[in-house]
Amino acid sequence: MHEVFESVARYFSVLGEPTRLRILHALCQEEKCVNGIIRVTGLAQANVSRHLGLMYQAGMLSRRREGTQIFYKVADPMYIELCRTVSMQVLGRLENAAKSGDGLRHFADDISPDPAAQVPANSRRTPPANQKEKASV
């Protein structure tokens with residue numbers, strides 16, 4: 001089971017970067033060349049190339065060369081479905097929070113693991129900024 005958990009953690013770490021999610025979103029419908037991805041995402045070429053390489057190495061993307069251009073596409077539709085599902089959940093929560101007037105605090109309260117353990121916002125302590133500071137009690 002240890003190997004399974006390690007593999008799952010690597011899988012999610014690739015998805016844990018907003019830039020890579022933007023690239024994945026750009027490739028959801030069809031394959032694109034690097035210049036097409038840059039155009040859609042508005043990201044710098046060096047940044048896009050770095051993330052594409054990482055996503056390719058992780059097996060998330062496949063690529064093919066056509067002349068001097070390299071085209072990328074999503075290798076496994078499961079990545080697209082997972083991102084869409086999570087994005088729709090987050091969007092729904094954000095919209096509900098906006099409608100209720102509580103903003104992001106309401107969103108944070110909704111995802112809290114134990115509602116009974118929630119502390120009112122004005123009595124929460126700030127965690128230490130670094131290892132040298134002591135936490136306030």
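Values in this document were obtained by computation on a predicted structure and should not be read as measured data. Hydrogens, waters and symmetry mates are skipped; everything else that's a heavy atom, side chains included, is used.
Applying the side-chain contact (heavy atoms from CB on, under 4.5 Å) rule to Glu81 yields the partners Thr85; only residues at least two apart in sequence or on another chain are considered.
Side-chain contact of Asn47 with Arg50: a donor-acceptor pair under 3.5 Å is present, judged by distance alone. At a cut-off of 3.5 Å, with distance as the only test, a side-chain donor of Ser49 or Gln45 sits close to an acceptor on the other residue.
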Please set out all donor-acceptor pairs under 3.5 angstrom arising from side-chain atoms of residues 28-44, sequence neighbours excluded.
{"unit_1": "Glu31", "atom_1": "OE1", "unit_2": "Arg64", "atom_2": "NE", "d": "3.3"}
{"unit_1": "Glu31", "atom_1": "OE2", "unit_2": "Arg64", "atom_2": "NE", "d": "3.0"}
{"unit_1": "Glu31", "atom_1": "OE2", "unit_2": "Arg64", "atom_2": "NH2", "d": "2.4"}
{"unit_1": "Lys32", "atom_1": "NZ", "unit_2": "Ala26", "atom_2": "O", "d": "2.7"}
{"unit_1": "Thr41", "atom_1": "OG1", "unit_2": "Ile37", "atom_2": "O", "d": "2.8"}
{"unit_1": "Thr41", "atom_1": "OG1", "unit_2": "Leu43", "atom_2": "N", "d": "3.3"}

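Cluster membership check: Phe12 shares its hydrophobic cluster with Leu54, using side-chain heavy-atom separations under 4.5 Å among Ile, Leu, Val, Met, Phe, Trp and Tyr. Both Val8 and Met60 belong to a common hydrophobic cluster when Ile, Leu, Val, Met, Phe, Trp and Tyr are linked at side-chain heavy-atom distances under 4.5 angstrom. Met55 and Ile80 fall within the same hydrophobic cluster, where Ile, Leu, Val, Met, Phe, Trp and Tyr residues are linked whenever their side-chain heavy atoms come under 4.5 Å apart, directly or through other members.
Residues His51 and Tyr56 have side chains not in contact (no heavy-atom distance under 4.5 Å, counting atoms from C-beta outward).
For the atom pair CD1 of Ile70 and CZ of Arg65, the computed distance is 4.0 Å after rounding to the nearest 0.5 Å. Going from atom CG of Leu52 over to atom CD of Gln57 covers 11.5 Å, rounded to the nearest 0.5 Å. Rounding to the nearest 0.5 Å gives a distance of 6.5 Å between OH of Tyr79 and CG of Leu15.
Under a 4.5 Å side-chain heavy-atom criterion applied to ILVMFWY residues, the cluster that includes Met1 comprises Phe5 as well.
Residues Leu27 and Tyr72 approach most closely at CD2-O, 3.4 Å, considering heavy atoms. Between Gly59 and Ala75, the shortest heavy-atom distance links the atoms O-CB, 3.5 Å.
The closest donor-acceptor contact from the side chain of Ser7 to the backbone of Val4 lies at 3.5 Å or more, if one exists at all.
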